[in-house]
Structures are given as C-alpha cells and as structure tokens.
K.L.:
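The structure that follows is given in the form of structure tokens.
These figures come from a predicted structure and were not determined experimentally. Start at 1 and go down the list; that is how both ligands and their atoms are numbered.
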Amino acid sequence: MATPTVADYLLQRLQASGVDHVFGVPGDYVLGFYRKLTGSPLRHIGTTREDTAAFAADGYARCRGIGAVAVTYGVGALNVVNAVAGAHAESSPVVVISGAPGIAEQRKDPLIHHRFGPFSFQREIFQRITCATAILDDPLTAFRDIDRCLQALRRYSRPVYLELPRDQLEVRGFPIPAGQASQPESDAGALTEAVDETVRLLHRSAQPVILAGIEIHRRGLQDELTRLVLNACIPVAATLTGKSVVGERHPAYLGVYEGAMGPDITRERVESADVVLMLGATVNDVDTGIFTANLDPARLIHASQGQVTIGHHRYADVQLRDFLTALGDVISGHACRWPECSPLSALPAAEAGKPMTISRLIASLNTALTPDMSVVCDVGDCLFAALDLRVHERTHFLASAFYTSMGFAVPAALGAQIASPDLRPLILVGDGAFQMTGTELSTFARLGLNPVVIVFNNHGYSTERFILEGPFNDIAEWRYDRIGELIGPVNGYQASTEDEFELALRRALDTTGRPGLINVQLQADDASPALRRLAEHLGRKVQG
Ligand SMILES: Cc1ncc(C[n+]2csc(CCOP(=O)(O)OP(=O)(O)O)c2C)c(N)n1
Ligand SMILES: [Mg+2]
C-alpha cells in the first residue's frame, strides 16, 4: 500500500493530536497546503491578518492543548513572530506551518518574491522562539520530523515550526517509526522524600496556603490541584499567569496574589502563612508584582519545572504531576469547613447619571458572569482590574499576562470560542489594544459567533500615562460601538454612566446570535488599584 504524501501525513498527525481547525491567511507558497487542508477533515479559519491567526491558534491551544496556524513564506511567517514568541514565553503549544519556495526553485538561489535573505533565515528566526523546528525537504525523514516536532510540542508545551517547500507536498514519505518519546520521569526516592518532608511541614503548620501557577494550566493538573486543596483543606491563591487554576467562586479561593500589586486581603493571607506551598508558579516580574512579593524562602515549598525546593535545599527530578498526586494521596481528607476566604460583595443598584468607573465595571461583570462564559483579557488596565474578577470554572480566564502583548485578547478569544463552542467569551480590552487587532471581530461576525467585548475606553495608553505622561500616550478617538457598520454584524453600545452600562450589558448578553461590543467611557485618570500600585513603583524607577 502506498504511503501518504508529506502534506497528508502532516494533516493526519495534526488531527490525531487534537487539531480540528487551522488559522491563517493564504499566499502562493502555502496555497498547495491550503488545497490539501480544504480537502481534509480539518477546517481552515481565515483571519484578517497573520498575527491574529497566531493569537487565535494560541487561544485555541490553551483550550485544546494544541493549536495550528498556516502562513505563507516571509511576509506571512514574519507577521506571526510576535504572537509565536508570546506563545513560547507563555508555554502555549502552537504548530506554525509555513509554506516556502520549492526545493527545485531554491536551487539556483533566485531572487523571488517574499525572500528577505538566505532561504535558511526564516527557520533560524523560529528556532529561537519554538522548541523544535523542521524543514520538510526530505521524504526520507519528513514523517519522522513531523512526529519529532509534535512530540516536542507535547513534552515542552511550546510552539514548533514546520516549513513546507511547496514542491514537497505531494511527495510520498517513508514511515520510519519514530523513537518512543521519553516523558520526563520522577526519581522515585526523591519523590518520596520530597512528599514526606512536605507532609511533615504541613502537619506542623498552623496556617498553610497554596499558591498555584501557570504550569497547572499547561500540564492539565487542575483536577490534581483541586483534589489536594480539598483533601488537605488548605486555601489556595493563584498567581496572575495562573489565574483561574481553580474555580474562583470556591470558598477556598483567596484571590490573585501579586505581591504589593495584588489585593491586600490576599497578600496578607499569603505572606502571613507559616508554609507557602507554591505549585507550578514561576518567579517572574508580573507574578511577583515587580518583585514586591515577600515570601520567606524558609517557609516556602516550591514545586515547578521538574524539581521541588524546600527552604534552601532541592529535590531534583520530581515532576509536578507526581508530586501533586502523591501529596493528594497521602493527605487524606476530613470534611473541610471553609470560612469564605474572600467573599464577593453585593453590587449596589446602578445610579442614573453616575459616571462609570473601573471598579464599578468589574463589580458589574462579576454579577453578570455565568459558568458558561470565559474571560479573555488584553494588556493594560483591564488586566490589572481583572485581578478582582471571579470566573466560575477552572481555566476560564485567558490572558497574555506574562509576555503582555497588546492585541492578544480579541483574536485569542476567536480561537478559544472555536475550540470550546459552548463557552461564550467576555473580552476585556483597552481602547489602544482594540485599535491593534479589534477588527478581528469581523471573523466572529462572519462565523456567527457571539463574544461580548468590553472596550475600556480611557482615551489612550493609560498604563503608560501612569508611568510617564506625554503626548505619545494619546490615540485617535474611535466610535468603537459603530464598528459593526464596517465589519458587522456587531451590536454596539456606548456607556458613560452606571445605568447606561447595566442596560448595554443586559442587551449585549441577551443577544446571542452575533457579537456585542460596549464602548465604556472611563475617565483618563481612573485606574484599578493594582495599576495605581504599579505606577507608584515603576514611576519611582523611571525617574530614579
Ligand atoms: C504590542 C505592544 N506594544 C506596546 C506595549 C506597551 N504597552 C503596555 S500597556 C500599553 C497601553 C495600552 O493601552 P490600552 O490598550 O488603551 O490600555 P490602557 O493601558 O489604556 O488601559 C502599552 C502601549 C505592549 N505591551 N504591547
Ligand atoms: Mg486605554
């Protein structure tokens, strides 16, 4: 029996790995692949730009465990670099497929369109922002290379890059069995000792807390974490990049801990704990509130990246999954009585004519959120304000919270809704970020999808304004609520006051067949508590 062609094999492997949709913009170097894609069970989702396709693939990957984007050579591939770097920085497993000039075309080194240097340049760029790359230019190794890259994607939970010369699509490959992918394993002795020591410390502890981070999302360890929280009766806070690792309405949930930037109540509970069990959290400037986190290493147990550190010593080769599972087994439960750690306060009735504020906006959204909604959040004050937002279910909050690329939210929500059609996205986005990629709403409208977009219209780059004011923070005033006239159908609303916002929100939520957008007019000097604290800290740094 004939072996599959390189393109068919790639499509089969993608589908077997969980990809049902491929995002992207066509171009002549990738058209042959698009033809094959259209004839396959996979569906192509066209976007308005390549970077939004890659953000969409990232959002899809965060929901499905893998996403894919297919672009043309040079102009298309270079357009996805920022978004793929973001997926790399945030451990989101995206397959980047780029068409390329055929091998025969490349032989005489011709000057052909979209070329920007030696033909090897593009792969070299992607080598720096992916965990594996391959040029599928040899039928002997193509299948093996595809398998190797997909194995790396699963193992490291990061993007991979596959370059497909356009004359290799229909070449039949050779099914050389790929070596068995080795998954990182725990050292049994180190695991037992780390678990024993942790249990001893927890039994002695009067007031322990768990601080859970991004690795729980990416390794799919939400069940294991919840089991441990319930078995051990230990309250849990999340880092910002780990936000929604546990359902945020559970009485055990303490809120987002972000050093001096996060809510005081959470900070107090975490920093006064006698044992902090940090699970899958990374120590970056965002999650530590620009390194204002005050966590005494002597009280810290930190499991992440294949090791466990307790105080000043370290157990190597202890995988987070094994550690969590073993702890959950050993610490057997009795019924927990949770004094609600951080209850939501009731929303006062809207006052007619009273100007909208960010705190009112978040309080309203907290009341409106339902378990069948996800929140996809951009960079800017909406992200800081979202610290206080409580999503119902696990992993229902997506953001580029560490890499912090503006323009993430609208396209990432497209990928998220296509990956999880039962979840309606609530998109939080600043006016500046919306001007970058908000037109991707057009694709939602075309596909009959129904996100609700909240534009935090504070008339410019407020986050930057709070650090350093200047005319460079001013942007054009758009009628965001009228965007449907150009790219629709989109139901648009303008809201300056509390009562206008309540009405607009209800209408947007009640309209289920198309996107809704609320242009929320905020004062330029209004800011979330976290942004005020950040500005105080960074302002001192900028001036000093
Ligand atoms: C792609 C990109 N460019 C620039 C920045 C730097 N930056 C961070 S926040 C910000 C302002 C964002 O403005 P807006 O979306 O309106 O949100 P706001 O801060 O006003 O709430 C800028 C320019 C960035 N994070 N990402
Ligand atoms: Mg703004």
K.L.:
Which residue supplies the protein heavy atom nearest to atom 13 (O) of ligand 1, what is that atom called, and how far is it?
P.N.:
Tyr461 CD2, 3.3 Å

K.L.:
Distance only, no hydrogens: is a donor on one side chain within 3.5 Å (strictly under) of an acceptor on the other, for Thr241 and Asn284?
P.N.:
no

K.L.:
Quick check against the 3.5 Å criterion: does Glu90 have a side-chain atom that pairs as donor or acceptor with the backbone of Ala401?
P.N.:
yes

K.L.:
Distance to 0.1 Å, residue and atom name: give those for the protein heavy atom nearest to atom 25 (N) of ligand 1.
P.N.:
Thr404 O, 2.9 Å

K.L.:
Please determine if Glu485 and Arg482 form a salt bridge, counting it only when a charged side-chain N lies under 4.0 Å from a carboxylate O.
P.N.:
yes

K.L.:
Give the ring-plane orientation class for His21 versus Tyr60, where under 30° counts as parallel, over 60° as perpendicular and anything between as tilted.
P.N.:
perpendicular

K.L.:
Before accepting this row, confirm whether a basic side-chain N of the pair Glu393/Arg249 lies closer than 4.0 Å to the acidic partner's carboxylate O.
P.N.:
no

K.L.:
Run the salt-bridge test on Asp510 and Arg506 with the 4.0 Å N-O cut-off and return the result as yes or no.
P.N.:
no

K.L.:
Provide, to 0.1 Å, the distance between atom 8 (C) of ligand 1 and the closest protein heavy atom, together with that atom's residue and name.
P.N.:
Glu464 OE2, 3.1 Å

K.L.:
Taking only heavy atoms of Asn458, which atoms of ligand 1 are found under 4.0 Å from at least one of them?
P.N.:
18 (P), 20 (O), 21 (O)

K.L.:
List the closest protein heavy-atom neighbour of atom 3 (N) of ligand 1: residue, atom name, distance to the nearest 0.1 Å.
P.N.:
Met406 SD, 3.8 Å

K.L.:
Any N or O of Ser462 that comes nearer than 3.5 Å to an N or O of ligand 1?
P.N.:
yes

K.L.:
May I ask you to decide if the ring planes of Trp478 and Phe434 are parallel, tilted or perpendicular, using 30° and 60° as cut-offs?
P.N.:
perpendicular

K.L.:
Quick check: does Tyr461 have an N/O/S atom under 2.8 Å of the Mg ion (ligand 2)?
P.N.:
no

K.L.:
For the pair Arg533 and Glu258, find out whether any cationic side-chain nitrogen is under 4.0 Å from an anionic carboxylate oxygen.
P.N.:
no

K.L.:
Starting from atom 19 (O) of ligand 1, find the nearest protein heavy-atom neighbour and note its residue, name and distance.
P.N.:
Thr463 OG1, 2.5 Å

K.L.:
Which protein non-hydrogen atom lies closest to atom 21 (O) of ligand 1, naming both residue and atom, and how far is it?
P.N.:
Asp381 N, 2.9 Å

K.L.:
Just do the side-chain hydrogen bond (donor to acceptor under 3.5 Å, both in side chains) check on Glu271 and Tyr257 with the steps written out, would you?
P.N.:
CA-CA 9 Å; Glu271 294 188 356; Tyr257 172 72; 2.5 Å; yes

K.L.:
Would you say Met436 has any N or O atom under 3.5 Å from an N or O of ligand 1, going by distance alone?
P.N.:
no

K.L.:
Quick one: which of Asp474, Leu468, Ile475 gives a side-chain contact (heavy atoms from CB on, under 4.5 Å) with Phe472?
P.N.:
Leu468

K.L.:
Under 3.5 Å between some N or O of ligand 1 and some N or O of Gly432?
P.N.:
yes

K.L.:
How far is atom 15 (O) of ligand 1 from its nearest protein heavy atom, and which residue and atom is that?
P.N.:
Ala433 N, 2.8 Å

K.L.:
Give the atoms of ligand 1, by number and element, whose distance to some non-hydrogen atom of Gly380 is under 4.0 Å.
P.N.:
17 (O), 19 (O), 21 (O)

K.L.:
What atoms of ligand 1 come within less than 4.0 Å of a heavy atom belonging to Gly430?
P.N.:
14 (P), 15 (O), 16 (O), 17 (O)

K.L.:
Using a distance threshold of 2.8 Å, state whether an N, O or S atom of Asp431 lies below it from the Mg ion (ligand 2).
P.N.:
yes

K.L.:
Below 4.0 angstrom from a heavy atom of Asp431, which ligand 1 atoms are there? Numbered from 1 as shown, please.
P.N.:
16 (O)

K.L.:
Please check this pair: side chain of Asp372 against backbone of Leu423, looking for a donor-acceptor N/O pair closer than 3.5 Å.
P.N.:
no

K.L.:
For ligand 1 and Cys382, I'd like to know whether there is a polar contact (N/O to N/O, distance under 3.5 Å).
P.N.:
no

K.L.:
Look at the N, O or S atoms of Gly460, main chain and side chain alike, and state whether any lies under 2.8 Å from the Mg ion (ligand 2).
P.N.:
yes

